[in-house]
Amino acid sequence: PNFKESKNKFISYLIFQGGSNKKKYSKNTLLLNHEKELRTQPDRVLDCFEWILENINFDYIYRTTTTAYLNIEKLYEFVQDKPFSNFYAAPEMFHKDKKLNKKIRFGSGAGYFLSRDLVTEVVNNRDKWDKKYLDDVSLGKLLLEDLKYNLVPIPRQDFKKYPLNKDIDF
């Protein structure tokens with residue numbers, strides 16, 4: 001992601017990726033022992049969540065992609081009045097599963113918030129993840145359909161070309 005580090009002591013970041021022969025952490029980067037392929041993304045997310053639970057004290061995580069622009073201070077402001085439990089917030093999306101002839105509701109992987117208890121739920125239910133889908137769809141299916149949590153829809157802003165500052169809704 002493209003962001004400027006925050007001076008806020010309550011905010012930290014972690015970059016995770018596959019391609020390592022073993023799990024390693026150094027300088028805000030977690031290397032995971034998974035191939036760097038799309039099909040391993042659900043396992044990478046689950047292993048990252050597990051590592052975060054074991055190593056970081058947090059109230060929320062905000063998971064995003066490398067193509068996102070982040071205004072860290074605005075993200076921090078956003079969560080100030082949010083609940084510390086059962087909180088799943090993201091731009092609402094739908095995946096059409098043609099084989100099952102149904103739509104799966106999920107929070108876009110472009111950026112979603114999870115409260116600590118939901119990260120724990122996700123890790124504890126990793127065997128229920130439907131890994132035929134991308135990780136954000138699998139997460140939404142698990143939390144919304146299987147475990148019956150709610151999604152708080154939040155706005156998303158997309159650009160077709162590199163935006164100017166005046167184009168970004170800060």
Side-chain angles (χ1 to χ4, degrees), residues 1 3 10-20 22-26 28-68 70 72 75-76 78-97 99-100 102-156:
F3 64 94
F10 299 109
I11 298 171
S12 60
Y13 71 92
L14 175 70
I15 296 169
F16 71 97
Q17 64 185 42
S20 180
K22 66 179 185 174
K23 197 182 292 185
K24 296 185 264 191
Y25 173 78
S26 177
N28 294 47
T29 300
L30 178 63
L31 301 176
L32 300 167
N33 56 336
H34 294 285
E35 296 173 28
K36 286 184 176 181
E37 294 186 19
L38 203 51
R39 66 179 173 76
T40 68
Q41 185 65 7
D43 287 317
R44 283 183 277 155
V45 169
L46 287 165
D47 284 355
C48 179
F49 285 0
E50 186 174 71
W51 187 90
I52 290 170
L53 285 167
E54 293 169 358
N55 294 282
I56 299 176
N57 183 20
F58 69 97
D59 295 319
Y60 309 98
I61 63 163
Y62 181 76
R63 186 266 192 203
T64 190
T65 64
T66 57
T67 60
L70 301 178
I72 302 294
L75 292 175
Y76 181 75
F78 173 77
V79 297
Q80 291 311 295
D81 63 350
K82 302 305 182 265
F84 289 111
S85 63
N86 300 336
F87 187 65
Y88 174 33
E92 183 179 39
M93 306 285 289
F94 292 89
H95 171 76
K96 186 172 183 175
D97 187 318
K99 288 183 183 176
L100 297 177
K102 72 173 199 173
K103 288 184 180 179
I104 299 170
R105 184 174 172 239
F106 68 99
S108 171
Y112 58 77
F113 290 92
L114 289 174
S115 54
R116 182 182 187 89
D117 64 316
L118 291 189
V119 175
T120 301
E121 280 283 321
V122 168
V123 170
N124 289 344
N125 287 282
R126 73 183 298 147
D127 60 318
K128 295 180 181 175
W129 268 52
D130 195 336
K131 296 179 186 174
K132 71 181 174 193
Y133 303 113
L134 293 176
D135 62 292
D136 54 354
V137 178
S138 297
L139 176 72
K141 185 176 182 299
L142 174 70
L143 290 175
L144 302 175
E145 289 184 16
D146 301 338
L147 301 177
K148 306 298 183 201
Y149 288 100
N150 293 314
L151 174 67
V152 176
I154 58 176
R156 171 179 166 166

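All residue numbers refer to positions in the sequence shown, counting from 1.
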The reported gap from CD1 in I104 to CE in M93 (rounded to nearest 0.5 angstrom) is 13.0 Å
Sub-4.5 Å side-chain heavy-atom contact between V45 and W129
yes
Nearest heavy-atom contact between L142 and V122 is CD2-CA, 4.1 Å
Practice problem: Assign the ring pair Y60 / F84 to parallel, tilted or perpendicular, where the plane angle (0 to 90°) is split at 30° and 60°. | Solution: parallel
Shortest non-hydrogen pair, A90 vs S108, comes out as CB-N, 3.9 Å
One should read off an interatomic distance between N150 CG and L143 CG, to the nearest 0.5 angstrom, of 10.5 Å
Q | Pairwise side-chain contact, L147 with N125, heavy-atom cut-off 4.5 Å (strictly under) | A | yes
Looking only at heavy atoms, the pair that brings L151 and F106 closest together is CD2-O, 3.9 Å
Correct closest heavy-atom pair for K141 and D130 would be CE-OD2, 3.8 Å
By side-chain hydrogen bond (donor to acceptor under 3.5 Å, both in side chains), Y133 pairs with (sequence neighbours left out) D97
Candidate pair V152 and F113, rule side-chain contact (heavy atoms from CB on, under 4.5 Å), full reasoning: CA-CA 9 Å; V152 176; F113 290 92; over 6 Å; no
Nearest heavy-atom contact between I56 and R116 is O-NH1, 3.3 Å
With sequence neighbours left out, the residues meeting side-chain hydrogen bond (donor to acceptor under 3.5 Å, both in side chains) with K23 are none
Paired with E145, the salt bridge (charged side-chain N to carboxylate O under 4.0 Å, His left out) test is passed by just one of K102, K103, R105, namely K102
Report task. State, with a plain yes or no, whether a side-chain heavy atom of S115 is found less than 4.5 Å away from one of D59. Result -> no
Hits for side-chain hydrogen bond (donor to acceptor under 3.5 Å, both in side chains) against D43, two or more places apart or cross-chain, chain-then-number order -> K131
Between the CG atom in D136 and the CZ atom in R63, the distance rounded to the nearest 0.5 Å is 6.5 Å
If you apply the rule side-chain contact (heavy atoms from CB on, under 4.5 Å), what do you find for L30 with R44, and how did you get there? CA-CA 10 Å; L30 178 63; R44 283 183 277 155; over 6 Å; no
Sorted by chain and number, sequence neighbours left out, side-chain hydrogen bond (donor to acceptor under 3.5 Å, both in side chains) with K82 holds for none
Side chains of L53 and F58: closer than 4.5 Å at any heavy-atom pair?
yes
The reported gap from OG in S138 to NE2 in H95 (rounded to nearest 0.5 angstrom) is 9.0 Å
Residues passing the salt bridge (Lys or Arg N to Asp or Glu O under 4.0 Å) test with E121, sequence neighbours excluded, are none
So OH of Y88 and CD1 of I154: to nearest 0.5 Å the spacing works out to 10.0 Å
Hits for ring-ring contact (aromatic ring centres under 6.0 Å, His included) against W51, two or more places apart or cross-chain, chain-then-number order -> Y25
In short, L114 meets V119 closest at the heavy-atom pair CB-CG2, 3.8 Å
Note to self: I want to check something: taking the side chain as every heavy atom from C-beta on, are I61 and I52 in contact at a cut-off of under 4.5 Å?
What the structure shows: yes
